[in-house]
Amino acid sequence: MAEKTKNPRLDNPIVRIVQGYKNEAKDAKLNRMNQNRENFECYNLRQDFSHKREGQSQEFLAKQQGAVEQITSFLQQGLMDQGDWYSVEEEPGVKNPAILGEEIRKLLSRQLDKCKYDSHVADSIKSGALGSLMVTKIHGTRVTSSKYKTETKWNFLAKNRKKLIRVDKSVWQLRLSLVRQEDWYPDPTGNGLYEIQHIDMDYHELLKMARENPDDFDIEAVKECGKDTEDLTQKHNKSRETDQNVAQSTRKRIGIDEMWGTIVDPQTGEVLHENVVCAITDDGFIIRPPTTNPWWHGKSPFVVTPIIRVPHSVWHRALMDAPTKHNLALNEIYNLQLDSGLMSVWGIKQVREDWLDDPSQIADGIAPGVSLLLNSTAPAGAKAVERVDTGTMSREGTEMFQVTDREFQQSALTNDTRLGSLPQRAVKATEIVASNQSITGVFNGIVKIIEKEHIAATLEKAWMAMAQNMDDLDLDEVKALLGEERAILLSQMAPEDRFAATAQGQKFKVYGLSTTLNKINDFRKHTSLLQTIGTSDALVAAFQRKYSFTKLLGEIVKSLDIKAEKIEMDDEEKAQIQKEQEMAAKMAMMQAAASGKGGQNPQSQIPQMATSSEETGAGLDVPMSTINSGITEPG
C-alpha cells in the first residue's frame with residue numbers, strides 16, 4: 001500500500017502553532033469530555049445494558065432529566081419573569097452621558113428579544129449543569145429588514161389599483177451563540193493565552209462570509225478548502241449530545257478552528273502575533289490570516305462561566321456529575337425490583353420432559369392455562385412441572401433504592417416536592433420547608449455566579465458590540481425606541497465617539513433572580529414580625545408608637561411581587577371614604593350634643609383614624625385576629 005502523501009500546508013508555522021494549541025487543550029479536557037458524554041447520555045435516557053441477558057429489564061428512570069429541567073425552569077423564570085430584570089446605571093462621577101442608561105437598556109432589550117435571549121439563558125444553564133461550563137459567543141450578523149408600503153396606480157379598467165411594494169435593506173443584528181463544550185478549547189493553564197472554537201458550517205455560508213468581508217478572509221484559500229474527505233467524529237459527538245441521528249448528506253461541510261489570542265513561537269517563545277484572530281480549516285488552509293482583534297473592546301467575544309467552581313481549574317465541575325452516577329445506580333436497582341416482580345409471577349420451573357406425552361408443548365415455554373398430557377411412565381401424583389424459585393427481592397433492596405434516591409436528591413439540589421411528587425415517607429410540613437430553604441440557600445451562591453459573572457458580562461459585551469455597529473442598526477427601529485430627535489442626534493455622532501462615551505462609565509446590574517429570592521426571604525421576615533407582634537396587646541401598642549402598619553403592609557405587598565397600582569384605591573374610592581369620614585364626624589357631634597355634653601370638645605369624641613397622627617406613630621388599627629391569622633409563605 002502506498003504511503004499517504006503528507007499535506008504540505010500543515011507545515012505552515014501558523015497552522016502548526018494553532019493545531020498545537022488545540023491538541024494541548026484537547027488532552028487537558030479529555031476526562032471532562034468523558035464525564036460530559038456520560039451526563040448527556042443519562043439526560044437523553046441512554047445507558048449501556050450490554051451486561052444484561054435477554055429477558056432482563058432495561059428500564060431507565062428520568063431522575064436526572066427531571067432535576068435538570070426543574071433547576072433550569074427555576075433559574076430562568078426567576079431571572080426573566082420579573083419585568084425589568086436588569087438595569088444600566090452610570091458609574092459615580094459620570095455627568096451628562098452621551099447615551100443615557102435607560103436608552104442603552106431599551107436598545108439592548110430590543111436586540112435581546114430578536115436573539116430570543118430567554119431561550120438562550122435556559123440552554124446555557126442546562127449546558128452548564130450537564131457540561132460544567134456556560135460558553136456564550138457575542139457577535140453580530142447582517143440580516144435583511146423588510147418594509148412594506150402600497151402605491152396607487154391608475155388603471156382605466158380597475159380605476160384605483162393598489163400595488164404592494166417591499167423594500168429590503170441590510171441591517172446589523174446582535175447574535176448570541178451557545179458554544180458546545182466539545183467545540184471549546186481554552187488555554188489549560190488558565191492564563192488565557194488563547195481560546196479556540198471549532199465550527200462546522202456549510203461551504204456556501206463560508207464563501208458568502210468571505211465575499212462580504214474580503215479584508216478579513218483569503219478568498220482563494222476559501223475556494224480551495226474542503227476537498228479532502230470529511231471526518232464525521234464531530235458529528236457523532238453531537239449526535240450523542242442532542243439525541244438525533246447522524247445525517248448522511250451531500251451538503252459540503254467545512255470544519256474550521258477559529259483562534260482568538262496570542263500566537264507564540266514554540267521554539268523561541270517569542271510573540272509572533274498578539275491579540276489576534278485567525279481561522280484554519282481541518283485540511284490546513286488559512287482562510288483568515290492572523291489579524292488584529294476586530295472588536296474595539298479588545299477582548300475575545302466569549303463569556304465563559306462555570307456553575308460550580310473548582311479552584312485553579314479551567315473546566316471546573318458540572319452540577320449533574322454526581323446525580324448522573326446515582327441515576328445509573330437507581331436504574332440497576334429498579335430493574336432488579338422489576339425483574340423480581342416478574343419472577344414472582346412467572347417463577348423458574350423445572351420440567352421432566354420424559355414424563356410428557358408431547359414434549360413439543362413446552363418448546364416455546366409454558367403458556368398460562370395450558371394442560372400438559374403425561375405418559376404412562378409418570379408416577380401417580382408426580383409433577384412433571386415444578387417451580388424452583390431461588391429467591392426474590394428482599395426488603396433490603398427496597399431500602400437501598402430509597403437510600404440511593406435520597407443521595408440523588410441531595411447531590412441534585414432537589415427533593416420529592418420540588419420534583420412534583422409526594423415524599424416517600426411521612427414528613428412534617430416544617431421538614432419540607434426546612435429542606436426547601438436549605439436548597440434555596442445553596443442556589444443563592446449559584447445565582448450570584450450566573451447573574452454577575454455570566455449574564456452581566458454578556459450584556460456588557462453585547463452593548464459594546466452594538467455601540468461599535470450602531471450605524472448599521474435599523475434607524476426606524478431606533479427612532480421608535482428613543483424618539484426621532486434622540487435617534488438623529490446619536491446617528492450624527494462618530495462611531496468612535498459613541499463607543500468611547502458608552503464603553504466606560506456604564507454598569508450593568510442583573511437582579512431578576514436575586515430579587516425573587518430576596519422577596520421570599522423578606523416575606524418570611526415580615527410574617528415573623530407580625531407573628532411576634534401579635535403575641536400581646538402591649539407589643540402592638542409599642543409597635544404603633546414607633547412604626548407604621550401601613551408601611552409594613554406595603555412592604556409585604558412588595559415582597560409578594562404584587563403591583564401596588566393594581567390594588568391601590570382610585571380617586572372615586574378615596575372620595576367615598578372621605579365622605580364617610582365626614583358623615584361619621586357629623587354623627588358623633590350630633591350624638592354629643594343630644595347627650596348634653598356639648599361643652600366638651602367635639603373632636604375628642606371622634607374616632608381617631610389610622611393616618612391622623614404621625615407623631616404618635618399611629619397606623620392601621622390591625623385586629624389581633626388578623627395578626628395571628630397564620631400568614632403563609634407564597635408557593
Side-chain angles (χ1 to χ4, degrees), residues 34-35 37-67 240 243 245 320-412 414-416 419-426:
N34 291 335
Q35 182 61 55
R37 188 174 301 114
E38 188 174 356
N39 291 347
F40 278 102
E41 289 280 308
C42 184
Y43 179 78
N44 291 317
L45 308 182
R46 291 196 297 260
Q47 182 177 355
D48 182 12
F49 288 117
S50 59
H51 60 285
K52 295 281 187 178
R53 293 185 178 182
E54 184 179 358
Q56 287 186 307
S57 300
Q58 300 181 18
E59 301 301 323
F60 201 105
L61 299 175
K63 292 281 189 177
Q64 184 241 51
Q65 185 185 78
R240 286 192 293 266
D243 199 27
N245 296 329
M320 288 296 124
D321 285 351
T324 292
K325 298 185 181 301
H326 290 139
N327 199 153
L328 299 181
L330 285 170
N331 290 342
E332 295 290 351
I333 301 175
Y334 177 75
N335 283 320
L336 288 176
Q337 291 178 323
L338 192 58
D339 289 338
S340 176
L342 295 174
M343 183 72 68
S344 65
V345 176
W346 299 108
I348 299 176
K349 304 177 180 66
Q350 66 177 5
V351 181
R352 293 291 299 269
E353 185 178 346
D354 57 321
W355 290 357
L356 297 177
D357 187 59
D358 182 9
S360 63
Q361 282 186 286
I362 62 173
D364 296 326
I366 304 175
V370 69
S371 298
L372 301 177
L373 300 177
L374 304 184
N375 55 33
S376 58
T377 62
K383 296 180 180 180
V385 179
E386 188 176 3
R387 287 185 58 150
V388 288
D389 295 355
T390 56
T392 58
M393 177 63 85
S394 63
R395 185 182 64 182
E396 286 76 8
T398 303
E399 292 176 351
M400 185 54 61
F401 182 90
Q402 294 175 353
V403 169
T404 308
D405 189 38
R406 287 196 296 271
E407 291 297 325
F408 169 84
Q409 293 178 7
Q410 184 175 358
S411 61
T414 187
N415 54 39
D416 287 328
L419 290 174
S421 59
L422 295 175
Q424 297 179 3
R425 62 182 181 87

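Every heavy atom of this structure was used, including side-chain atoms; hydrogens, water molecules and symmetry mates were not.
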> Looking only at atom types and distance, does a side-chain atom of Gln58 sit under 3.5 Å from a main-chain N or O of Lys52, one as donor and one as acceptor?
Replying inline: no
> To the nearest 0.5 Å, how far apart are CG in Asn331 and NE2 in His326?
Replying inline: 13.0 Å
> Between atom OG of Ser411 and atom CZ of Arg406, what is the distance when rounded to the nearest 0.5 Å?
Replying inline: 13.0 Å
> Taking atom types as modelled and ignoring hydrogens, do the side chains of Glu332 and His51 form a donor-acceptor contact shorter than 3.5 angstrom?
Replying inline: yes
> Considering residues, nucleotides and ligands other than Glu399, do more than 12 of their heavy atoms fall under 6.0 Å from its CD?
Replying inline: yes
> Under the 3.5 angstrom rule, does the side chain of Asp405 hit a backbone N or O of Leu330 as a donor-acceptor pair?
Replying inline: no
>> Could you report the tightest heavy-atom contact between Ala67 and Phe408, atom names first, then the distance?
In response: CB-CZ, 4.1 Å
>> To the nearest 0.5 Å, what is the distance between CG on Leu372 and CG on Asp357?
In response: 10.5 Å
>> Less than 3.5 Å apart, any donor N or O on the side chain of Asn34 or Glu38 sitting next to an acceptor on the other?
In response: no
> Would Ile362 and Val385 satisfy side-chain contact (heavy atoms from CB on, under 4.5 Å), going step by step from the backbone distance to the final call?
Replying inline: CA-CA 10 Å; Ile362 62 173; Val385 179; 5.6 Å; no
>> Please determine whether side-chain contact (heavy atoms from CB on, under 4.5 Å) holds for the pair Gln65 and Met320, giving the CA-CA distance in whole Å, both sets of side-chain angles, and the decisive distance to 0.1 Å.
In response: CA-CA 10 Å; Gln65 185 185 78; Met320 288 296 124; over 6 Å; no
> When you look at Leu328 and Gln47, which way does the side-chain contact (heavy atoms from CB on, under 4.5 Å) test go after all the steps?
Replying inline: CA-CA 8 Å; Leu328 299 181; Gln47 182 177 355; 3.6 Å; yes
>> Is any side-chain heavy atom of Trp355 closer than 4.5 Å to one of Lys383?
In response: no
>> If you apply the rule side-chain contact (heavy atoms from CB on, under 4.5 Å), what do you find for Gln35 with Lys325, and how did you get there?
In response: CA-CA 10 Å; Gln35 182 61 55; Lys325 298 185 181 301; 3.6 Å; yes
>> Between the side chains of Glu386 and Arg352, is the shortest nitrogen-to-carboxylate-oxygen separation below 4.0 Å, so that they form an ion pair?
In response: no
> What's the spacing between Asn39 CG and Asn44 CG if we round to 0.5 Å?
Replying inline: 11.0 Å
> Can you find a pair of side-chain heavy atoms, one from Leu373 and one from Leu356, that are under 4.5 Å apart?
Replying inline: no
>> So does Ala62 get a backbone contact from the side chain of Asn327, meaning a donor-acceptor N/O pair under 3.5 Å?
In response: no
> Between the main-chain N or O of Ser57 and the side-chain N or O of Asp339, is there a donor-acceptor pair closer than 3.5 Å?
Replying inline: yes
> Which atom names give the shortest non-hydrogen contact between Val370 and Ala367, and what distance separates them?
Replying inline: CG1-O, 3.1 Å
> Can you check whether Gln337 reaches Thr398 side chain to side chain, under 4.5 Å on heavy atoms?
Replying inline: yes
> Do Ser340 side-chain atoms and Leu336 backbone N/O form a donor-acceptor pair below 3.5 Å?
Replying inline: no
> Thinking salt bridges, do Glu41 and Arg37 make one under a 4.0 Å N-O criterion?
Replying inline: no
> Once you round to the nearest 0.5 Å, how far does CZ of Phe49 lie from CZ of Phe60?
Replying inline: 6.5 Å
> Is there a side-chain contact between Glu59 and Leu338 (heavy atoms, below 4.5 Å)?
Replying inline: yes
>> If you compare all heavy atoms of Cys42 against all heavy atoms of Thr324, which two are closest, and at what distance to 0.1 Å?
In response: CB-CG2, 3.7 Å
